[in-house]
Structure formats: C-alpha cells, structure tokens
Amino acid sequence: MKYDFAAIEPKWQKKWAEEKTFRCENHSDKPKFYALVEFPYPSGQGLHVGHTRPYTAMDVVARKRRMDGYNVLFPMGYDAFGLPTENYAIKNHIHPAKVTHDNIENFTRQLHMLGYSFDWDRVINTTDPAYYKWTQWIFLQLWKHGLAYKTTMPVNWCTSCKCVLANEEVVEGVCERCGAPVVRKEKSQWMLKITEYAQRLIDDLDELDFIERVKTQQKNWIGRSTGAEVTFKATTGEEIVVFTTRPDTLFGATYMVLSPEHALVKGWLESGLLNNADEVKAYQAAAASKSDLERTELNKEKTGVCLDGVKGINPVNGREIPIFISDYVLATYGTGAIMAVPAHDDRDWEFAKKFGCEIIEVVSGGEDVQKAAFTAKDETGILVNSDFLNGLTVKDAIPVITKWLEEKGIGTAKVNYKLRDWVFSRQRYWGEPIPMVYCDKCGWQPLPEDQLPLLLPDVESYEPTDDGESPISKMTDWVNTTCPCCGGPARRETDTMPQWAGSSWYFLRYMDPHNDKALASEEALKYWSPVDWYNGGMEHTTLHLLYSRFWHKFLYDIGVVPTKEPYQKRTSHGMILGEGGEKMSKSRGNVVNPNDVVAQYGADTMRTYIMFIGDFEKAASWSDNAVKGCKRFLDRVWNLSENLTDSLDYTSANESAIHKAIKKVADDIEAMKFNTAIAALMALVNDFYANGCSRGEYRTLLLLLSPFAPHMCEELWESLGFAADGMACQQAWPAYDESKTIAAQVQMAVQVCGKLRATITVPMDSDEAAVVATALADAKVQKFTEGKSLVKTILVPNKLVNLIAK
RNA sequence: GCGGGUAUGGUGGAAUUGGCAGACACGCAGGAUUUAGGUUCCUGUGGGUUAAACCGUGUGGGUUCAAGUCCCACUACCCGCACCA
C-alpha cells in the first residue's frame with residue numbers, strides 16, 4: 001500500500017479532535033508540565049512557515065513529555081487586538097471583529113492541518129470580552145496600587161499609525177510595526193511604572209533557566225548604571241542636579257550641559273536674564289522638530305548653545321563654569337543635566353573641542369588628554385589635580401568622593417536605569433478600552449469592578465485621526481457617563497490599551513480559561529505555575545517577555561499568582577529564510593506557504609523537515625529539495641513496514657543501534673537538537689534496510705518517530721495491530737538499556753606519531769597491551785613503525801591509540 | 001562605540017570532557033528495475049593521486065603525543081543596544 005498522507009492526516013486529526021486526545025485536567029497523579037508557545041496574531045496572511053518552527057518544536061517536546069508520563073498543558077490562543085487588523089478593516093470596510101473572526105477560523109484550520117497536539121478546550125482570544133474583562137481588571141489593580149498614572153510628556157508618535165508608541169516599539173528611530181518615522185509629541189498618556197520593577201527584573205533573572213542571550217538583552221535594555229547625583233549651583237541661585245557615573249572626575253568638570261527641554265532653561269528664558277534668548281529658543285525649536293532617527297544618527301556632529309548670562313558653580317572647587325544646552329543630553333535620562341568632564345569622556349571631549357571648552361586632566365595614566373579623552377575606569381588611572389583625591393585609583397576614589405558629597409549634603413549615591421515607564425495608551429480603535437472615567441470634580445476614577453468588562457463600542461468610523469484622538473472619542477453616547485465617585489457628569493477614557501496588554505498575562509488564562517469569577521482559580525494557578533518551558537522569538541525579548549514578567553511580578557505582589565516569575569525556562573528559535581538565504585517577503589516572491597507544502601508532501605513531511613532544517617537556534621534557509629529528502633525518509637519508513645519479520649524482539653544485528661537511538665532521540669529532543677534526533681532516526685532506518693527489521697524493532701521506531709510524524713506513525717501503529725492499548729501518542733517512551741548501547745566489538749583509530757594510519761577492530765574495553773599488539777600487527781601500521789622503536793603509547797579507551805615511534 | 005554570536009565539502013549541516021573532521025541529508029556521477037520519464041533499490045562522492053604520500057574546519061602564530069575544539073593576535077559577516085552621562 002502506498003503512503004497516502006492526504007487520506008491519513010485528516011483521519012487522525014479528526015480522531016484527535018473528536019476524542020479530545022490532548023485535553024488535560026487541572027489535577028493528576030502525574031507530574032505537571034506546562035509547555036508554551038507564543039500565540040499568533042491572526043493576520044490575514046494566515047499561518048506563516050515562521051510559525052511552524054517553534055510550534056512544531058514544542059509540539060514534539062509536548063508529545064514526548066506525555067510519553068514520559070507527564071500531565072502536559074500545551075495550549076493555543078489568539079492575540080487579536082492590534083493595528084494590522086484595524087488597518088485591514090479600514091481599507092476593506094469590514095468590521096475588525098469580523099476580520100478577526102475570519103482570520104482565527106483560518107488559523108485554527110491551519111493549526112489542525114499541521115497536527116499540533118493543543119488542548120483545544122482551552123483556546124483563548126484576547127478580543128473576547130470574557131477575556132479582556134480580566135485585562136481591564138489587572139489595569140485597575142495597577143491603578144489602585146499606584147502603578148498606573150496619566151501624565152503629559154514627550155512621547156514617540158508614529159506618523160503613519162497616528163498613534164503613540166512605547167520605547168520598546170521604536171526600532172532605530174522608526175515604528176517597529178510599519179517602519180514609518182517616529183517623532184516626539186507632547187501628549188497626555190497613561191503610563192505603567194515598570195521602572196519600579198527594574199532592579200527585580202534584573203535580579204530575578206539569576207534564578208531562571210533562560211538562554212543567555214535573552215538574559216543579557218534584557219539586562220542591557222534595563223540598563224542599570226551606578227553613580228551619584230551631584231547638586232551644582234547656578235550663579236542665579238538655582239540648584240542644578242546632575243547624574244554622573246564618574247563622581248571621581250568632579251574636579252575636571254569644566255562646563256555643564258542641560259537638555260534643551262530642561263525646566264531651568266524655560267525659567268531663565270521667561271525671567272529674561274539670558275542675553276542670547278533668541279538663539280536658545282531657536283535651538284530648542286530645532287531639537288523639538290527632529291525625529292528620533294535624526295537625533296540618534298551615527299557620527300552626528302555635536303551641536304549646542306552656550307547660555308549667556310548664567311554660569312554653574314562646581315561644588316568641589318567653587319569654580320564658575322559655562323552652561324550649554326545640547327541635544328546630546330537627553331531629557332528623559334537621569335536628571336536631564338550633566339557635568340561635562342572632557343578629559344575623561346569621549347562625548348564631552350568632542351563637544352569641548354568644538355566649543356573651545358577647557359580640558360583639565362584629573363586622571364593620569366592615559367595619553368595626552370588634549371588629543372583624546374582617557375576613559376579607563378579600572379586601576380590604571382591615578383587621580384591628579386583633585387585635591388584630597390590625588391593619588392587614589394579611580395576605583396578607590398569613587399567611594400571617597402561619594403562619601404564626601406553625602407557629608408557635605410551636595411550629592412548622593414544613585415542608581416539609574418535606561419528603562420522608562422511603559423506608555424500604555426494608544427489612539428486607536430481595536431484594543432481594550434481603558435476602564436477609567438474622568439470627572440472635573442473627582443479627577444480620574446476607576447470603573448467599579450462589577451462594571452467590567454467595559455465593552456468596546458461599535459463606531460461608524462475607526463479611522464485614526466490626525467489630531468491624535470482615538471476614533472472612540474467621537475462616540476459621545478459612550479464617552480459621556482457619570483462619575484463613579486460623585487455621580488456627576490464625567491467622560492470615559494477614549495484611548496485603548498496597546499497590543500501588548502492581552503499577551504502580558506495570557507499564559508495564566510490557559511490554566512483556567514472559562515473562569516468568570518477570577519482571571520484563573522487559585523488552585524489552577526497553583527497547580528500549573530510557572531510555565532515550565534516557553535519558546536518564542538528573540539524579537540519579543542524586550543517587549544512581550546519583559547512586559548509580562550513585570551505584570552506577573554505585580555500580580556505576585558498583590559497575591560494573585562503564586563510565583564515570582566512566570567516562565568522557568570525560555571528558549572528561542574532562529575528565523576526561517578527564503579531559498580536564497582534572504583528574508584521571506586512578498587516583494588521578493590520567496591514566501592513559502594505551509595498550505596502548499598502540506599498539500600504537496602503532507603504535514604508529517606513539513607514537520608519533519610522544519611525540525612531537520614538545521615540548528616534550532618540559528619536562522620535557516622528553506623530548501624524545496626531538502627523537503628523532498630524528508631518525504632523520501634518517511635516513504636522509506638512506510639515501505640519498510642511491508643517487509644517485517646514476525647519477531648517482537650530486537651535482533652542482535654540491530655539491538656545496540658536501537659538502544660542508542662532511544663537514548664539519542666530523547667536527549668536531543670530535550671536539548672532542542674531536533675536535527676540530529678532525526679538524523680539518528682534516518683541512520684536507524686538505514687540500518688534496518690541493511691539488516692532487516694522485526695515487528696518489535698519497527699514498533700520502537702514508530703514510537704521514536706511519532707512526535708515528529710504523528711499521523712503516519714498512528715496509521716502504521718494501528719494497521720500493524722499495535723493499537724490494542726491505545727494510540728502511539730499514548731504509549732510510554734521506549735526504555736533503553738545503557739549496557740546494550742555498547743557493542744561487543746569496537747573500531748579504534750590507530751595513530752602513529754599523531755597521524756591516523758589504520759583502523760582496527762578489537763573487543764570492547766580491551767586493555768592497552770592488547771590494543772597495541774593488535775595495532776602493531778596491522779600491515780598499514782607496520783609500514784610506519786618499521787625500523788623504529790616504540791617510545792610511548794597513548795590510549796583513549798575504545799576510541800584511539802597513538803603510537804609514538806622513533 | 002558597547003554587548004552577543006557565527007565562519008567546517010558543490011549545498012544545508014554533524015562532531016559532551018581536546019581523541020578517526022565531514023554523521024545525516026541535498027546535489028552530482030555510475031549501476032539495477034522501468035517501453036520512457038518519474039519512483040524505488042544499490043554503489044561512489046573534501047582536494048589530490050593509477051595508488052600512495054601529502055593537503056584540508058575564515059587568516060597568522062602558539063600549547064599538545066593529538067586542536068574544528070584550548071591560548072594569543074587578526075579578518076569578514078550577522079544580531080541586539082546605541083550621545084544612557
């Protein structure tokens with residue numbers, strides 16, 4: 001019989017769905033295992049090959065863990081709020097809810113088509129009011145605990161999406177989603193105080209089993225740096241607080257720089273004491289109109305304006321120093337003001353050279369500071385020109401000066417983070433309404449929890465507006481309401497939550513998806529937490545992964561969830577590229593559609609290939625030819641079933657190879673080395689072709705292959721009569737015997753003076769004398785040892801012997 | 001600039017602790033089956049040579065009986081962050 005995947009695959013998918021084969025319960029005698037993949041955004045393009053790599057990988061892991069005897073939760077859902085759907089809806093005049101519904105149907109069909117073993121009774125959808133009720137509920141808790149606040153500040157504004165963006169959503173000065181330029185805009189926004197968790201988000205990484213590059217990327221993003229805040233005085237009397245990581249260089253501070261947006265500058269301008277006010281105002285205006293891209297441009301020349309009419313006073317020596325404004329000082333980091341030490345900071349040096357500022361060396365040990373800044377922070381530098389710090393190393397000087405500053409009351413040790421609070425509102429329609437009401441008398445008031453969910457209203461037009469207001473703001477019936485506090489007239493918040501809201505807690509909902517009393521029951525949370533293994537894309541490291549860790553820590557603090565961290569283990573897959581090694585894109589015409597691959601070769605081939613394609617963590621290029629190779633492998637497995645010997649035992653010819661394969665495939669799946677697991681199975685099948693194959697041997701092969709090619713293995717399992725005690729996926733993983741992975745005879749390499757000369761076959765664990773004797777008897781070896789005497793021999797048991805002859 | 005990573009045949013990629021480089025595939029060549037094509041099966045396949053010697057893991061050094069693997073110095077490419085004081 002031919003391998004007819006087109007008939008086999010739907011048959012088993014139907015059976016799994018009808019019998020709810022992969023449904024799991026929230027209690028079990030078995031140990032629990034929670035495997036998670038990132039739920040897709042249900043776009044109109046449908047499932048991409050890029051999705052199949054992580055999904056197949058974790059499906060293999062989940063299937064294997066079930067066979068290992070775990071109670072496995074492997075859920076799926078849809079992260080459906082967001083701009084692409086809304087934009088599609090606007091363009092085609094279809095309601096986003098309808099677009100979402102249709103796209104989800106398509107995704108669901110595709111996910112079934114690929115044979116994933118999700119528990120389909122736990123599907124969630126972030127746009128379902130029963131779901132976003134709890135997203136809103138979490139927001140209210142954040143508000144009640146002072147972690148949500150509304151404030152006016154310069155925010156990132158995407159000119160194309162007509163919407164604000166979080167810092168994390170701006171990539172190289174352009175919108176992460178659409179690539180349009182991002183500009184600064186003053187807007188009143190809801191913010192979440194993720195910065196309050198900065199230190200814990202760093203510290204708790206230590207206890208987690210995350211791949212190293214995820215940890216370092218998160219740490220870099222949070223960007224902790226230690227130093228001191230120092231108070232300078234202006235000649236006009238005001239205090240100017242600066243942040244520095246190098247308080248040891250205070251004596252070398254020869255000028256100060258404020259960000260153009262700094263509040264003091266505004267004050268001085270208003271009081272009219274600046275002689276060059278016009279120049280200053282012009283510079284401020286120029287800085288304000290620059291996009292992020294322009295502001296961060298590489299190798300940009302330093303610009304700035306010296307304030308004429310006010311000076312700073314260096315508190316350590318009383319010297320009056322000039323004050324500049326420049327956009328190389330960021331308003332949003334530290335205090336928005338710096339002391340400039342051109343001798344020991346590259347940026348200050350560059351600025352000083354351009355503006356003719358004084359450069360005073362205060363750390364010796366480098367080159368001439370007039371030629372380049374000396375920035376070493378280790379023990380190589382010795383303080384000079386610094387009064388009581390002279391003679392100390394940089395490392396030793398920092399605590400001395402910090403203590404001195406604290407005693408004098410002009411400075412204090414300080415830790416700063418690059419991480420900013422999370423801009424949490426979006427001026428768009430297709431998102432969760434923020435459940436807040438504004439009353440002129442009572443200010444911002446939370447919607448009472450019993451009024452949740454606050455439903456997204458139907459609007460006639462969900463076009464974004466140029467004035468930066470959400471489309472919902474036009475729905476006056478919905479907007480106008482009463483104050484929950486005083487009962488007077490009030491207005492609802494019309495901005496919606498960002499795309500990342502729903503995904504910040506979705507893994508909790510899977511634990512108890514139909515609960516209408518809580519986001520999930522305490523028992524379910526206790527049973528399943530934390531996620532044991534979460535695989536997802538590196539692109540989410542400083543977005544979703546960071547945001548959800550923050551929310552989870554907050555929920556832990558208020559006693560909702562039982563663990564400090566949501567995910568115990570995090571791994572990440574590489575991208576799938578097109579045939580030529582280029583990114584898949586419509587414009588390049590190299591997009592591979594999983595539907596086509598499944599139609600032509602079957603889901604099992606697709607799954608096997610995507611696992612065989614290469615190192616799971618690295619990018620890999622698609623190859624149609626290599627897909628055929630995997631189809632050929634499955635055909636070979638299938639054809640082998642027609643030539644089995646009757647025995648249920650392992651034959652001596654295959655026994656050791658089978659035991660080795662059982663171990664190898666199991667270890668490789670756990671280590672995500674799927675490519676070598678499949679290579680091992682291919683090698684085993686080649687052995688079976690060479691040596692013949694018994695029913696018992698074939699039975700083991702089916703179990704080992706079943707996580708990768710589940711449909712075909714179930715079909716063969718059934719047709720060969722193994723199904724009396726259930727499907728292949730319900731069997732235990734085959735046992736192996738370590739002692740049987742070892743063959744009686746081994747091949748050993750023989751080197752003479754480090755060069756390979758021959759290969760000999762000796763009994764396992766032969767001693768050195770026996771191996772050397774066998775080696776010396778070999779003609780090829782003799783050719784190189786002839787006329788020489790053996791000086792030394794080195795034996796690597798069962799692998800190699802090296803004969804040193806002179 | 002800072003941080004992380006990668007470099008192995010014609011191609012994708014293998015190779016715990018240093019121990020037979022190129023597993024497993026793709027491609028290619030030859031053969032068998034087939035009316036033919038396709039499929040399937042078998043054989044070969046790093047370079048070099050009749051065969052050996054010999055040469056081969058980005059480059060240049062080093063340690064070692066033995067280096068893809070360890071050390072030093074480079075080069076190229078990729079990813080992340082980027083005027084963060």
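We name chains A, B, ... by the order of the sequence lines, and we start the count at 1 in each one.
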| said: If you assign each of A/Gly754 and A/Thr332 to its closest nucleotide in RNA chain B, which residue comes earlier from the 5' end? | reply: A/Gly754

| field | Position toward the 5' end of RNA chain B (nearest nucleotide), A/Asp345 or A/Gln751 | value |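 Going by which nucleotide is closer to the 5' end, it is A/Gln751.
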
| message | As a test of the definition: with a 90° window around 0 for syn, would you call B/G9 syn or anti? | response |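 It is syn.
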
| request: For RNA chain B, produce a single dot-bracket line, 5' to 3'. Pairs: Watson-Crick or G-U wobble, both distances under 3.5 Å. Symbols: ( ) within strand, [ ] crossing, | other strand, . unpaired. | output: (((((((..(((......[....)))((((((.......))))))((......))..(((((..]....))))))))))))....

Can you check the distance between [N] and [M], where both ends of the measurement are the [atom1] atom (answer in whole Å)?
{"N": "B/G48", "M": "B/G9", "atom1": "P", "answer": "15 Å"}
{"N": "B/G46", "M": "B/G22", "atom1": "C1'", "answer": "8 Å"}
{"N": "B/C72", "M": "B/G4", "atom1": "P", "answer": "14 Å"}
{"N": "B/U45", "M": "B/A52", "atom1": "P", "answer": "11 Å"}
{"N": "B/C24", "M": "B/A15", "atom1": "P", "answer": "13 Å"}

| said: Nearest 0.5 angstrom please: A/Ile325 CD1 to A/His262 NE2, how far? | reply: 11.5 Å

Please report the distance, rounded to the nearest Å, between [atom1] in [X] and [atom2] in [N].
{"X": "A/Asn686", "N": "B/C41", "atom1": "CG", "atom2": "C1'", "value": "12 Å"}
{"X": "A/Asn625", "N": "B/G12", "atom1": "CG", "atom2": "P", "value": "13 Å"}
{"X": "A/Leu756", "N": "B/G68", "atom1": "CG", "atom2": "P", "value": "13 Å"}
{"X": "A/Met682", "N": "B/A25", "atom1": "CE", "atom2": "C1'", "value": "6 Å"}
{"X": "A/Lys799", "N": "B/A21", "atom1": "NZ", "atom2": "C1'", "value": "13 Å"}
{"X": "A/Lys664", "N": "B/C24", "atom1": "NZ", "atom2": "C1'", "value": "10 Å"}
{"X": "A/Lys780", "N": "B/C20", "atom1": "NZ", "atom2": "C1'", "value": "12 Å"}
{"X": "A/His573", "N": "B/G5", "atom1": "NE2", "atom2": "P", "value": "20 Å"}

| Contacts of type salt bridge (charged side-chain N to carboxylate O under 4.0 Å, His left out), residue A/Lys663, not counting sequence neighbours |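 Applying salt bridge (charged side-chain N to carboxylate O under 4.0 Å, His left out) to A/Lys663 gives A/Asp667.
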
Base, sugar-phosphate or nothing for [X]? Non-hydrogen atoms, less than 4.0 Å.
{"X": "A/Ile804", "answer": "sugar-phosphate"}
{"X": "A/Thr245", "answer": "sugar-phosphate"}
{"X": "A/Phe633", "answer": "nothing"}
{"X": "A/Gly629", "answer": "sugar-phosphate"}
{"X": "A/Thr244", "answer": "sugar-phosphate"}
{"X": "A/Leu803", "answer": "nothing"}
{"X": "A/Arg224", "answer": "nothing"}
{"X": "A/Lys631", "answer": "nothing"}
{"X": "A/Asp348", "answer": "nothing"}
{"X": "A/Lys755", "answer": "sugar-phosphate"}

| task | Among A/Ile202, A/Leu419, A/Leu205, find the residue that satisfies the side-chain contact (heavy atoms from CB on, under 4.5 Å) test when tested with A/Gln218. | result | A/Leu205

| task | Go through the side-chain N and O atoms of A/Arg757 and A/Gln751 and say whether any donor and acceptor fall under 3.5 Å apart. | result | no

| task | Measure from the ring center of A/Phe351 to the ring center of A/Tyr328 and say whether it is less than 6.0 Å. | result | yes

